[in-house]
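This report concerns only the one structure given below.
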Amino acid sequence: MERNKRILLELLKQSDNSRCADCGATDPVWASSKLGLFVCLNCSGIHRNLSSRVKSIQLDFWEDELVEFMKSNGNASARALYEKAVPPYYYRPEENDCAVLKEQWIRAKYERLEFTGEIKYPPLAYTSGFYEGMLWKKGKDNTHFLKRKFVLSEREFTLSYYNKENESKGPKAVISIRDLNATFQPEKIGHPHGLQIAYQDGDHTRNLYVYHESPEEIVTWYNAIRAARYAYLKTAFPTGSDEELIPKITSNYLKEGYMEKTGPLQKEPFKKRWFILDSQNRKLLYFKGQLDAEELGVIFIGTEKNGYSVKDCVPKHTRGNKWKCGVTVDTPERQFVFMCEQEREQREWLDALRQVLSRPMAPQDYTVEANIKCKR
């Protein structure tokens, strides 16, 4: 038994086996003895739900033939077989991604065999360039979720939705894929399959909050949206490489949470606001509540060279602030003062904002900056 354990621990030292085969987490200490791959604790639970034989490297007994099977397979072999034809736009979950993304990635690979390179008929929904179906959507001005029909067209680069099941009146909204972002938000939306869709609507960022009861269906919607975004980016930036374009398809927000905010004179009462740091577009948006459809305001985060800076602060001459851990954001136009409830939150906001500050501005960032200045 000790000999077999030593062999398995040696196999884990190989670069491909030193990370989870499914989410990339370091130091996987579980293995699927059915598929011959090494996985982390979280992904091992999903494999177990697939009726895959899962064993602990350290705690379980390993028969000689299973150890030989692991030696002759491993993560590199599994990837070559089960990830042979993953589309470039298909989202590969990472360690900290939500459960529904990881579960459906694992099911797509090993249960539905979606990426083995064999031709699928009918074609996989997210590869067809057109997708329609019903999603539960939160009302703009209330907390009710109602079933609405959504239609995604890659050819027209649009996502449309209808207010009533009667389609004769046409769509309630036709959204351009150009500025659209989609990100899973299960905790915020209060559903394990909750998806936030954000897009530019005139001067505002508009948020839609949707979910579907089926985990496979909501992840199909997500990857269909990513496919349409990828097609748009290939058209808009024809010389762009996949390495450049894939990170732009969709992005998770760098940081979200409540802070208190005061006005431009810094004598106005502090008010609690929900903040989102959209690092992709260098925007710090703030809302009255975390499920609001539109922001109250937006602050562009440039670079220090362009007159932007971030630092911690102690509040002065202010009223109504219950929180004491301050963050100051200086822009060429004005100074913004925010208060965090705890030092940990303050540190996280400072780190996240500095991460954006330290990244050089791209040509399109100057356009975003100019548009935000025009709004004021």
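Model, not experiment: these values are computed from the prediction.
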Check your understanding: When you look at Tyr211 and Gln185, which way does the side-chain hydrogen bond (donor to acceptor under 3.5 Å, both in side chains) test go after all the steps?
Key -> CA-CA 10 Å; Tyr211 70 86; Gln185 297 276 18; over 6 Å; no

List in chain and number order the residues that pass salt bridge (Lys or Arg N to Asp or Glu O under 4.0 Å) with [X], two or more places apart in sequence or in another chain; answer none if no residue qualifies.
X	result
Glu154	none
Glu68	Lys71
Lys34	none
Glu10	Lys13

Exercise for review: Answer whether the closest heavy-atom distance between the side chains of Glu94 and Lys102 falls below 4.5 Å.
Suggested key: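 No, every pair of side-chain atoms sits at 4.5 Å or beyond.
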
Any donor-acceptor N/O pair, [X] side chain to [Y] backbone, under 3.5 Å:
X	Y	value
Asp365	Ala362	yes
Asn181	Ser251	yes
Lys5	Gln58	yes

Practice item. Quick one: which residue pairs count as a side-chain hydrogen bond (donor to acceptor under 3.5 Å, both in side chains) with a foot in residues 280-293, not counting sequence neighbours? Key: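 Passing the test, one end in residues 280-293: Gln200-Lys283, Asp278-Asn281.
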
Check your understanding: Among pairs that include at least one residue of residues 125-141, which meet side-chain hydrogen bond (donor to acceptor under 3.5 Å, both in side chains), considering only residues two or more places apart or in two chains?
Key ->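 Qualifying pairs: Glu114-Tyr126, Tyr131-Glu217, Glu132-Lys149, Trp136-Glu213.
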
Check your understanding: For His47, what residues pass the ring-ring contact (aromatic ring centres under 6.0 Å, His included) criterion, not counting sequence neighbours?
Key ->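 Per chain and number, His47 pairs via ring-ring contact (aromatic ring centres under 6.0 Å, His included) with Tyr110.
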
Review point. Listed by chain and number, what are the ring-ring contact (aromatic ring centres under 6.0 Å, His included) partners of Tyr199, not counting sequence neighbours?
Key: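 Scan of Tyr199 (ring-ring contact (aromatic ring centres under 6.0 Å, His included), adjacent residues dropped) gives none.
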
Under the salt bridge (Lys or Arg N to Asp or Glu O under 4.0 Å) rule, what pairs show up with a residue in [range], not counting sequence neighbours?
range	answer
residues 346-361	Lys255-Glu348, Arg344-Glu348
residues 224-242	Lys234-Asp242
residues 184-195	Lys188-Glu256

Exercise for review: Take Ser52 and Ser32, measure what side-chain hydrogen bond (donor to acceptor under 3.5 Å, both in side chains) needs, and give me the verdict at the end.
Suggested key: CA-CA 6 Å; Ser52 185; Ser32 166; 2.8 Å; yes

Review point. Would you call Glu333 and Lys373 a salt bridge, using N to O less than 4.0 angstrom?
Key: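 Salt bridge present between Glu333 and Lys373.
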
Review point. With a 4.0 Å cut-off, would you call Glu2 and Arg6 a salt bridge?
Key: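 Here Glu2 does not pair with Arg6 in a salt bridge, since their nearest N and O are not under 4.0 Å apart.
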
Just distance, no hydrogens or angles: give the donor-acceptor pairs under 3.5 Å from side chains in residues 74-87, sequence neighbours left out.
| residue | atom | partner | partner atom | Å |
| --- | --- | --- | --- | --- |
| Asn75 | OD1 | Phe38 | N | 2.7 |
| Asn75 | ND2 | Asp16 | O | 3.0 |
| Asn75 | ND2 | Arg19 | O | 2.9 |
| Asn75 | ND2 | Phe38 | O | 3.4 |
| Ser77 | OG | Asn73 | O | 3.3 |
| Glu83 | OE1 | Arg92 | NH1 | 2.6 |
| Glu83 | OE2 | Lys109 | NZ | 2.8 |

Check your understanding: Taking all non-hydrogen atoms of both residues, which atom of Val100 and which atom of Ile218 are closest, and how far apart?
Key ->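 It is CG2-CG2, 4.2 Å.
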
Practice item. Might you confirm whether atom CD of Glu343 has over 12 heavy atoms from other residues, nucleotides or ligands at distances under 6.0 Å? Key: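 No, not enclosed.
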
Review point. Checking side chain to side chain contact (heavy atoms under 4.5 Å, CB included) for the pair Trp105/Phe115: CA distance, chi angles, key distance, verdict?
Key: CA-CA 10 Å; Trp105 167 235; Phe115 313 123; 3.6 Å; yes

Exercise for review: Give the C-alpha distance, both sets of side-chain angles, the deciding distance and a yes or no for ring-ring contact (aromatic ring centres under 6.0 Å, His included) between Phe275 and Phe338.
Suggested key: CA-CA 10 Å; Phe275 284 80; Phe338 312 120; 4.9 Å; yes

Practice item. Evaluate the side-chain hydrogen bond (donor to acceptor under 3.5 Å, both in side chains) criterion for residues Asp312 and Gln346: first the C-alpha distance (whole Å), next the side-chain angles of each, then the deciding distance (0.1 Å), finally the verdict. Key: CA-CA 8 Å; Asp312 57 357; Gln346 179 194 39; 4.7 Å; no

